[in-house]
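Just follow the structure's listing: the first ligand is 1, and inside any ligand the first atom is 1. Treat the numbers as computed from the prediction; the structure is a model and nothing was measured.
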Amino acid sequence: MSILKIKGGNPLFGKVEISGAKNAAVAILPAAILASKNHCTIDNIPNIEDIHCLERILEGIGCKLERNENSLIVDSTNISSINANTEDVRKMRASYYLIGALLGRFKKARVELPGGCPIGVRPIDQHIKGFEALGAHVTIEHGAVTVEADRLIGTNIFFDVVSVGATINVMLAATLAEGNTILENVAKEPHIVDVANFLNSMGANIKGAGTDIIRITGVKELKGCNYSVIPDQIEAGTYMIATAACGGEVTINNVIPKHLESISAKLIEMGINVTEDGDSVTVKSNKEFKGITLKTQPYPGFPTDVQQPMSSLLTVASGRSIINENIWESRFKHVDELKKMGANIKVEGRTAILDGVDALTGAVVKATDLRAGAAMVIAGLIATGETRILGVEHIDRGYPNIEEKFKSLGAEISREEK
Ligand code: EPZ
């Protein structure tokens, strides 16, 4: 078991490189299953536990993988099983992308129901609605989803809720369906566009990703390609917020500033200095900032995945802040941990009311999920004294080299193995 130890109070200065986007990479690796000819070489893959987990899952069904630093070669030409049923599959959320990819390529899949962060009920009814509309028969038995189709036939699908997972999963299945598929009320996150671009590089015909309507013309087969994953919007947002909270000046490199606009806008509203330059953003803070009102929304709104890190910053803002969490109903589990450090927060349903305090104090706290873990790291960096964070395995699922990156900016953070 690992523990992160942080001695808070240092300002952050310097430059940090952002890695490839977790939520794009965890969809692109399963998407590589669709290539029946040649291998895919995928660059800018983040070195995180969710990716290692997917690598094992893909190898388990017969894909051949080769890793060279940040790039992965995936050869799916000789997949031997459409049945994904290991502990790794049950552990992570993105394993559900195997359903769409295997269904698209083999017209059949059996995949254990996915796990992931405990941030609310995580239904997959919209994924199932899409697969059924394409002609698949879907059953859920003994904790696994089985999908089967004689033929997949393109059609119009209107999603009831805007879902990242359902948009990607149905897009994966529809790339090899016969005829045209039109997906409406889809998610528009940068990783949706990245997955569509990856599929198009393999020979798919997908238009409109990044808008409300995606149009797919089915093709007969997909082939391997070379591709580079986009930078991680959420990791970048986390370092921007950490800099704002700790004070100092940090340039966050290898980002797409457009993807960060909703985060930059909120920091600027608080009185923090944020500037863009090409593929970097610089955050400058003198630790004086005011409280704000924040609502999480699908892209291009403020991302739910940055809500928890942002709440750590708001604990020490002057005045009152209000957060409305509109995507996940249980994404305030980190609040009890922040309270142990002296934060003044009340949660009522999906709303958190934060009254800024002068300082947080170091404590033993728990990362209850991935982004709650990032929130704890930021809280530890600004607190007086020492903070010890348990549950580090959640942080390792999504943040590459977190302690090295923060150390290089001047933070006192280290890992202890128990
Ligand atoms: C993705 O989860 C991300 N995970 C999450 O990031 C992120 O919080 C979320 O999108 C929203 O941006 C991955 O990409 C692996 P959704 P996903 O389907 O796809 C409801 C992180 O921290 N819904 O967009 O599971 C659902 O209950 C993780 O990196 C249905 O009702 O999210 C939720 O309220 C955590 N039926 C809303 O839609 C469905 O069939 C959005 O969920 C599917 C979803």
Side-chain angles (χ1 to χ4, degrees), residues 19-31 46 48-51 53-54 57 89 91-100 113-133 138 140 145 157-172 183 185-195 229-230 232-238 259 262-263 295-310 324-334 350 367-375 394-400:
S19 304
K22 169 181 94 79
N23 287 343
V26 296
I28 284 175
L29 286 188
I48 49 175
E49 188 45 37
D50 266 12
I51 290 293
C53 199
L54 260 177
I57 294 171
V89 178
K91 207 157 72 181
M92 72 177 309
R93 195 71 198 156
S95 55
Y96 58 25
Y97 292 134
L98 267 82
I99 310 173
L113 282 164
C117 285
I119 51 182
V121 183
R122 302 188 74 174
I124 57 164
D125 57 299
Q126 296 304 303
H127 305 231
I128 293 172
K129 171 178 166 165
F131 298 143
E132 286 179 338
V138 183
I140 300 184
V145 185
I157 300 165
F158 194 103
F159 291 108
D160 304 344
V161 292
V162 176
S163 159
V164 168
T167 302
I168 293 178
N169 227 345
V170 179
M171 186 163 76
L172 294 177
L183 305 179
N185 197 26
V186 292
K188 296 180 280 198
E189 268 66 6
H191 30 292
I192 306 280
V193 180
D194 209 34
V195 177
V229 176
I230 52 164
D232 198 308
Q233 172 204 23
I234 310 302
E235 190 198 15
T238 303
H259 296 166
S262 62
I263 304 165
K295 293 181 190 348
T296 63
Q297 300 284 351
Y299 189 83
F302 192 91
T304 170
D305 296 347
V306 182
Q307 178 263 109
Q308 292 157 300
M310 190 70 171
N324 282 310
E325 172 53 62
N326 292 308
I327 310 294
W328 300 113
E329 66 273 22
S330 309
R331 215 165 197 185
F332 285 131
K333 292 207 174 92
H334 62 298
R350 286 177 173 239
T368 51
D369 58 75
L370 167 59
R371 309 298 172 190
H394 289 294
I395 302 175
D396 291 338
R397 287 188 34 225
Y399 285 93

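Residues His191 and Asn23 have side chains that never bring a donor and an acceptor to within less than 3.5 angstrom of each other.
Residue nearest to atom 38 (O) of ligand 1, selected from Val161, Asp50, Ile124, Val195: Val161 (by heavy-atom distance). Considering each of Gly301, Ala166, Pro123, the one bringing a non-hydrogen atom nearest atom 39 (C) of ligand 1 is Pro123. Nearest residue to atom 25 (O) of ligand 1 from Arg122, Arg397, Gln308 is Arg122 (criterion: closest heavy atom). For atom 26 (C) of ligand 1, the nearest non-hydrogen atom from the set Tyr96, Trp328, Tyr299 belongs to Trp328. Distances from atom 40 (O) of ligand 1 to the heavy atoms of Gln297, Gln307, Gln126, Glu189 put Gln126 nearest. When Asp305, Val306, Asp232 are ranked by how near their heavy atoms come to atom 28 (C) of ligand 1, first place goes to Asp305.
Listed for the Asn185 side chain is no donor-acceptor partner under 3.5 Å among the backbone atoms of Phe158. Between the side chain of Arg350 and the backbone N or O of Asn326, at least one donor-acceptor pair lies under 3.5 Å. Thr296 places no side-chain N or O within donor-acceptor distance of the main-chain N or O of Thr304, the cut-off being under 3.5 Å. Glu189 contributes a side-chain N or O that, together with a main-chain N or O of Tyr299, makes up a donor-acceptor pair within less than 3.5 Å.
Below 3.5 Å of separation, one finds an N or O of Ile327 facing an N or O of ligand 1. In terms of polar-atom proximity, defined here as any N/O pair under 3.5 Å, Leu370 makes no such contact with ligand 1. Checked against a 3.5 angstrom limit, the closest N/O atoms of Asp125 and ligand 1 fall inside it. Residue contacts with ligand 1: Asn23 is placed with a nitrogen or oxygen under 3.5 Å of a nitrogen or oxygen of the ligand (distance criterion only). At a 3.5 angstrom cut-off on N or O pairs, Ser163 counts as close to ligand 1.
Proximity of Lys22 to ligand 1, defined as any heavy-atom pair under 4.0 Å, is confined to the side chain (atoms from C-beta onward). Only the side chain of Arg93 comes within 4.0 Å of ligand 1, counting heavy atoms alone; its backbone N, CA, C and O stay farther away. Counting heavy atoms under 4.0 Å from ligand 1, residue Arg331 touches it through the side chain alone. If you look at Phe159 next to ligand 1, there are no close heavy atoms at all, none under 4.0 Å.
The only option from Gln233, Lys22, Arg331 that meets the side chain to side chain contact (heavy atoms under 4.5 Å, CB included) definition with Asp305 turns out to be Arg331.
Smallest separation of non-hydrogen atoms from Thr167 and Leu183: O-CD1, 4.1 Å. Residue Ile51 comes nearest to Ala25 through the heavy atom pair CD1-CB, 3.6 Å, listed as atom of the first residue, atom of the second, then distance.
Using a 4.0 Å cut-off to heavy atoms of His127, the atoms of ligand 1 that qualify are 40 (O). Each of the following atoms of ligand 1 lies closer than 4.0 Å to a heavy atom of Gly165: 18 (O), 19 (O).
Considering only residues two or more places apart in sequence or on other chains, Tyr96 meets the side-chain hydrogen bond (donor to acceptor under 3.5 Å, both in side chains) condition with none of them.
Taking the ring axis of Trp328 as reference, the NZ or CZ atom of Arg122 stays within 45° of it and closer than 6.0 Å to the ring centre.
To the nearest 0.5 Å, the span separating CG on Leu29 from CG on Leu54 amounts to 5.5 Å.
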